[in-house]
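The structure appears below as structure tokens.
Order of the sequence lines fixes the chain letters, A, B, ..., with proteins taken first and strands second; residue numbering starts at 1 for each chain.
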2 protein chains.
Amino acid sequence: MYELPQDITQEKPDVFRKKCPARYLLSRVSGKWSMLIVDALHNKNLRNGELMRIIEGISQKMLTQTLRELEEIQLVKRHDMQTVPPHVEYELTELGKSLREKICAMDRWIEENMLELIANNPSIQLKRNKT
Amino acid sequence: MYELPQDITQEKPDVFRKKCPARYLLSRVSGKWSMLIVDALHNKNLRNGELMRIIEGISQKMLTQTLRELEEIQLVKRHDMQTVPPHVEYELTELGKSLREKICAMDRWIEENMLELIANNPSIQLKRNKT
DNA sequence: CCGTATCCTACCAGATACTG
DNA sequence: CAGTATCTGGTAGGATACGG
């Protein structure tokens with residue numbers, strides 16, 4: 001899906017090109033958990049447990065893993081208070097806050113158009129994933 | 001990830017709730033191929049082969065599969081011209097065009113901020129997926 | 001040209017148990 | 001509280017071959 005480009009700086013960013021870093025970033029950002037985490041962090045910093053409670057169905061493993069990935073691409077900042085018991089907060093970076101606008105727009109759009117999207121589609125109401 | 005709600009109509013759409021259809025729709029829409037296909041269909045109808053050429057790296061299987069899923073949730077309309085050789089076009093529905101705005105906003109944002117996102121991250125430049 | 005049908009594999013992600 | 005570590009199965013998705 002994503003291959004190393006010859007020279008990143010001289011390449012025009014383009015999600016349609018499989019060798020472009022933009023494609024890799026899209027796959028990271030568009031993940032379901034990524035979008036939900038960024039959405040959840042909209043107005044305040046949240047702790048591990050708070051995120052677990054807000055995002056129903058996410059596992060501890062996927063939460064941690066996704067947070068680390070979001071940190072890596074500069075969207076989330078991790079604040080470890082170095083206390084006992086541990087207190088860690090996650091915060092959106094400026095870049096993250098900027099992206100959040102786009103993600104929230106999508107999430108809210110989906111919620112607003114939910115009934116229309118599943119209209120005449122009894123099959124969707126039958127689909128269920130485990131967990 | 002997604003479970004059947006007791007009664008869809010009386011439920012407030014909420015992507016954070018795992019039993020809400022909005023969660024299922026998000027997972028469909030946020031898929032990497034889904035977003036690229038909707039993005040690609042922005043200003044004109046496209047044929048199977050054209051989509052294959054525009055979206056580098058997508059397989060025939062995933063293209064067809066994703067198009068069928070987008071059809072199912074009323075985002076894409078399939079036009080079979082019933083000719084020999086076959087001529088099939090894909091078009092965004094009104095709902096699809098509405099969503100396209102949100103998706104394009106995300107894609108363009110990623111492209112514009114690509115260099116900043118991978119800054120200080122030589123590791124990302126080393127990551128590569130097969131294909 | 002526009003697909004379907006199989007087969008097969010990697011890895012995504014859940015379950016569970018353990019730690020500072 | 002906020003994580004790691006390990007095991008495992010399911011499935012996303014690639015490769016290939018065939019068909020109208």
Take atom CZ of B/Arg68 and atom P of C/dA5, then tell me their distance rounded to the nearest Å. 11 Å
Whole angstroms only, please: what is the CD-C1' distance between A/Gln60 and D/dC1? 10 Å
Measure the distance from CG on A/Leu46 to P on D/dC1 and round it to the nearest whole Å. 15 Å
If you apply the rule salt bridge (Lys or Arg N to Asp or Glu O under 4.0 Å), what do you find for A/Arg17 with B/Glu56, and how did you get there? CA-CA 5 Å; A/Arg17 310 206 60 223; B/Glu56 282 188 15; 3.6 Å; yes
Here the distance between atom P of D/dT4 and atom CG of A/Asp80, to the nearest Å, is 11 Å
Do any side-chain nitrogens or oxygens of A/Tyr90 fall under 4.0 Å of OP1 or OP2 in D/dG3? yes
Could you state the atom-to-atom distance from CG of B/Leu67 to C1' of D/dG13 in whole Å? 15 Å
Does a nitrogen or oxygen in the side chain of B/Arg47 sit under 4.0 Å from OP1 or OP2 of C/dC2? yes
Judged by modelled atom types alone, do A/Gln60 and A/Thr64 share a side-chain donor-acceptor pair under 3.5 Å? yes
Using atom NZ of B/Lys61 as one end and atom C1' of C/dC2 as the other, report the distance to the nearest whole Å. 17 Å
To the nearest angstrom, how far is B/Met62 atom CE from C/dT9 atom P? 19 Å
Is the distance from OP1 or OP2 of C/dG14 to the nearest side-chain N or O of A/Ser59 less than 4.0 Å? yes
d(CD, B/Glu71; C1', C/dG3) in whole Å: 13 Å
Side-chain N or O of B/Arg78 less than 4.0 angstrom from OP1 or OP2 on C/dG3? yes
Output yes when a side-chain donor or acceptor of A/Ser30 lies under 3.5 Å from a complementary backbone atom of B/Ser30, and no otherwise. yes
Paired with B/Ile37, the side chain to side chain contact (heavy atoms under 4.5 Å, CB included) test is passed by just one of B/Ile103, B/Leu46, B/Thr66, namely B/Thr66
